[in-house]
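All remarks here apply to the structure that follows.
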Amino acid sequence: MQTMVVKIGSSSITDGDGRLSVERLQGLVAQLAEIQLSGRRQVVLVSSGAVAAGIGKLGWRRTNITMPEKQAAAAVGQGVLMHTYEQLFGAWGLAIGQVLLTRSDTADRSRFVHVRNTLMTLLHHGIIPIVNENDTVAVDEIRFGDNDTLASLVALVTEADELVLLTDVDGLYTGNPATDPLAVRISDVWEITEEMEAAAGGSGSRVGTGGMRTKVGAAKIAVAGGCDVVVASSAEPGVLLHLTRDIGGSPDSPGTIGHRSAADTSNRIHGVGDMGGAGNGQGSGQGNGNGNGGPCNRADTISQRSGDKTSVGTRFHAKAEPVSLRKAWLIHGSRSEGELVIDDGAVRALRNHAASLLLPGVREVKGEFREGAAVDLVDLTGSPIARGIVSFSARDLEFLIRRQQSGERLTDLPEVVHRNDMALVDRV
Ligand SMILES: Nc1ncnc2c1ncn2[C@@H]1O[C@H](COP(=O)(O)OP(=O)(O)O)[C@@H](O)[C@H]1O
Ligand SMILES: N[C@@H](CCC(=O)OP(=O)(O)O)C(=O)O
């Protein structure tokens with residue numbers, strides 16, 4: 001069965017006063033339950049709202065709140081949130097499981113694997129995982145900080161087919177629609193450009209965190225791993241039902257956004273994805289009905305397809321040749337513990353010949369790390385080339401480099417970073 005990760009932002013589950021709105025949650029849960037129970041998808045929910053729910057429950061005001069107070073509010077609110085979900089999903093006969101994560105849970109490979117096993121086991125038993133950042137313990141160095149990024153990693157971990165980011169706006173616009181009345185919605189994105197990233201601004205609400213910027217960042221991660229991403233409005237009636245009813249329909253109806261057939265999903269992360277039949281709208285932007293002028297021109301250059309009134313939200317299409325889960329994890333999930341400066345010959349070998357990194361290509365070792373750590377491989381100017389799992393500790397590597405420089409011939413050494421344990425930064 002296909003897996004769909006749905007992230008609901010704080011702005012979508014709170015009322016005008018910033019308090020948790022059970023009514024809004026009810027509508028979304030009803031859709032998720034229908035999707036899960038009909039067998040159309042197995043659902044993973046990433047839900048924000050702990051801080052908002054806590055502040056509402058405690059009667060605090062959001063302005064001038066300190067970090068410990070925010071974390072205390074999350075401690076209260078997470079309970080309120082899960083109690084609410086428990087009741088709402090329970091009414092449909094569905095069980096839920098709470099999964100609270102920090103960045104360090106994905107940075108460490110073995111914890112990443114444990115998180116994956118837990119999520120997969122919940123899914124196997126038909127239990128809906130409800131994921132949030134573990135706000136009460138997360139400090140800056142180990143924080144995702146926004147649930148969009150967290151949701152994209154959850155999509156990678158669960159090898160999801162689709163990540164839906166539900167928010168208070170119906171997609172990515174050519175500018176922030178809260179401040180730019182001429183901004184138009186982009187309906188399909190085949191390649192995330194710098195211009196597009198620049199158009200994505202911060203949060204428009206009092207309760208939201210990352211705004212569109214973190215959603216585009218999340219989309220970048222998920223599409224590299226072979227997962228389609230849709231940014232859509234939670235307020236649109238039946239939005240999730242639209243998105244899941246439609247595999248194989250006509251390209252422009254709300255029901256046709258999905259393009260992956262059930263048969264081609266098994267290879268979605270490890271193999272080559274199939275974009276068959278989904279090539280519509282690729283290329284320059286379509287007319288957006290705005291006539292001439294700035295926003296119109298901007299839309300034409302930054303969107304592959306703008307101003308489409310019929311589709312749901314913005315769909316970021318998965319890369320046709322996704323990287324393996326391990327490589328996606330290396331670049332986006334792991335935390336680098338050091339740096340290897342490599343010479344130009346090694347850069348060429350890595351980039352052009354898919355080679356492993358051998359000792360003669362390593363010029364310098366920076367940082368303290370043990371064998372098996374994730375390290376960045378940078379060129380002589382310091383530009384990042386790749387990240388990989390290193391076979392030696394920093395100390396051993398330095399020792400080997402010194403022996404090599406003194407003229408000793410070192411044979412039969414393992415690769416410093418094996419190709420299978422390496423991801424090039426510009427490919428992921
Ligand atoms: N280019 C853009 N297109 C659409 N929305 C944008 C854009 N730039 C900034 N935004 C803002 O992003 C907001 C959604 O993000 P956010 O407030 O963080 O919501 P959530 O709580 O759902 O994560 C929108 O309300 C909008 O004001
Ligand atoms: N973990 C926080 C939410 C952080 C966050 O990213 O919020 P949002 O931008 O509304 O998705 C909470 O539960 O309040």
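Quick caveat, the model's predicted, so the values are computed rather than measured. Counting starts at 1 for both ligands and their atoms, in listed order.
Listed by number with element, the atoms of ligand 1 under 4.0 Å from a non-hydrogen atom of Ala178 are 27 (O). Heavy-atom proximity to Gly171, at under 4.0 Å, picks out these atoms of ligand 1: 3 (N), 4 (C). For ligand 1, the atoms lying closer than 4.0 Å to a non-hydrogen atom of Gly202 are 9 (C), 10 (N), 11 (C), 12 (O). Close contacts between ligand 1 and Ser10 involve ligand atoms 21 (O) [criterion: under 4.0 Å to a heavy atom]. Per-residue contacts place Asp146 under 4.0 angstrom from the following atoms of ligand 2 (heavy atoms of the residue considered): 6 (O). Atoms of ligand 1 lying under 4.0 Å from at least one heavy atom of Tyr173, given by number and element, are 1 (N), 2 (C), 3 (N), 4 (C). Those atoms of ligand 1 that come under 4.0 Å of a heavy atom in Gly9, given as number and element, are 20 (P), 21 (O), 22 (O). Taking every non-hydrogen atom of Gly9 and a distance limit under 4.0 Å, the qualifying atoms of ligand 2 come out as 10 (O), 11 (O). Every atom of ligand 1 is numbered from 1 in the order shown, and the set under 4.0 Å from a heavy atom of Thr167 is 14 (C), 15 (O), 19 (O), 20 (P), 22 (O).
A pairwise comparison of heavy atoms in Gln31 and Leu240 identifies OE1-N, 2.8 Å as the closest pair. Shown here for Leu156 and Gly225, the closest heavy-atom pair between the two residues is CD2-CA, 3.8 Å.
Considering backbone and side-chain N/O of Ser11, one or more are found under 3.5 Å from N/O of ligand 1. Of the polar atoms of Glu133, none of the N or O atoms is found under 3.5 Å from an N or O of ligand 2, judged by distance alone. Looking at Ile8 next to ligand 2, no N or O pair under 3.5 Å apart turns up. Between Leu172 and ligand 1, not a single N/O pair is under 3.5 Å apart. At least one N or O atom of Gly201 sits closer than 3.5 Å to an N or O atom of ligand 1. Remark: ligand 2 and Asp148 share no N or O pair separated by less than 3.5 Å (distance only, no angle test). Geometrically, ligand 2 and Lys215 share no nitrogen or oxygen pair separated by less than 3.5 Å. Taking distance alone, with nitrogen or oxygen atoms compared against 3.5 Å, Ser12 stays at or beyond that limit from ligand 1. Backbone and side-chain nitrogen or oxygen atoms of Ser47 are examined, and none is located within less than 3.5 angstrom of a nitrogen or oxygen of ligand 2. At a 3.5 angstrom cut-off on N or O pairs, Val51 counts as close to ligand 2.
Glu337 has no carboxylate O lying under 4.0 Å from a charged side-chain N of Arg370, or vice versa, which leaves the two without a salt bridge. Electrostatic pairing of Arg395 and Glu368 does not count as a salt bridge here, judged by no charged N lying under 4.0 Å from a carboxylate O. Under 4.0 Å is where a charged nitrogen must lie from a carboxylate oxygen, and between Asp108 and Arg335 no such pair does. Using a 4.0 Å cut-off between charged side-chain N and carboxylate O, Glu162 and Arg315 make a salt bridge.
Judged by the shortest distance from any of its heavy atoms, Lys7 lies inside the 4.0 Å radius around the atoms of ligand 2. Ligand 1 lies less than 4.0 angstrom from a heavy atom belonging to Lys215. Residue-ligand proximity: Ala183 is placed with every non-hydrogen atom at 4.0 Å or more from ligand 1. Within the 4.0 Å heavy-atom cutoff, Ala74 does not count among the residues contacting ligand 2.
Annotation: side chain of Tyr85 is in contact with side chain of Leu45 (closest heavy-atom distance under 4.5 Å). With contacts defined as side-chain heavy-atom distances shorter than 4.5 Å, the pair Leu101/Asn134 does not qualify. Between Asn147 and Ser48, some side-chain heavy-atom pair lies under the 4.5 Å cut-off.
Between the choices Ser48, Gly211, Gly175, the shortest heavy-atom distance to atom 15 (O) of ligand 1 belongs to Gly211. The nearest non-hydrogen atom to atom 12 (O) of ligand 1, considering only Met212, Lys7, Met196, Arg213, comes from Met212. Across Val216, Val169, Asp168, heavy-atom proximity to atom 25 (O) of ligand 1 is greatest for Asp168.
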Would you check, one step at a time, whether the test side-chain hydrogen bond (donor to acceptor under 3.5 Å, both in side chains) holds for Gln78 with Asp135? CA-CA 9 Å; Gln78 184 63 24; Asp135 292 308; over 6 Å; no

Could you please spell out the steps behind the side-chain hydrogen bond (donor to acceptor under 3.5 Å, both in side chains) verdict for Gln42 and Thr3? CA-CA 5 Å; Gln42 48 188 13; Thr3 303; 3.0 Å; yes

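Summarising the geometry, atom CZ belonging to Arg40 is positioned 11.5 Å from atom CE belonging to Met1; distances are rounded to the nearest 0.5 Å. Between the CG atom of Leu100 and the CG atom of Leu150 there is a distance of 10.0 Å, given to the nearest 0.5 Å.
In Asn147, the parts holding a heavy atom less than 4.0 Å from any atom of ligand 2 are both the side chain and the backbone. By the criterion of a heavy-atom distance under 4.0 Å, the side chain of Asn132, and not its backbone, is placed next to ligand 2.
Within 6.0 Å of the NE2 atom in His83, the count of heavy atoms belonging to other residues, nucleotides or ligands does not exceed 12. Crowding of Arg111 atom CZ: a count of heavy atoms from other residues, nucleotides or ligands under 6.0 Å exceeding 12.
Not a single donor-acceptor pair under 3.5 Å links the side chain of Thr214 to the backbone N or O of Asp148.
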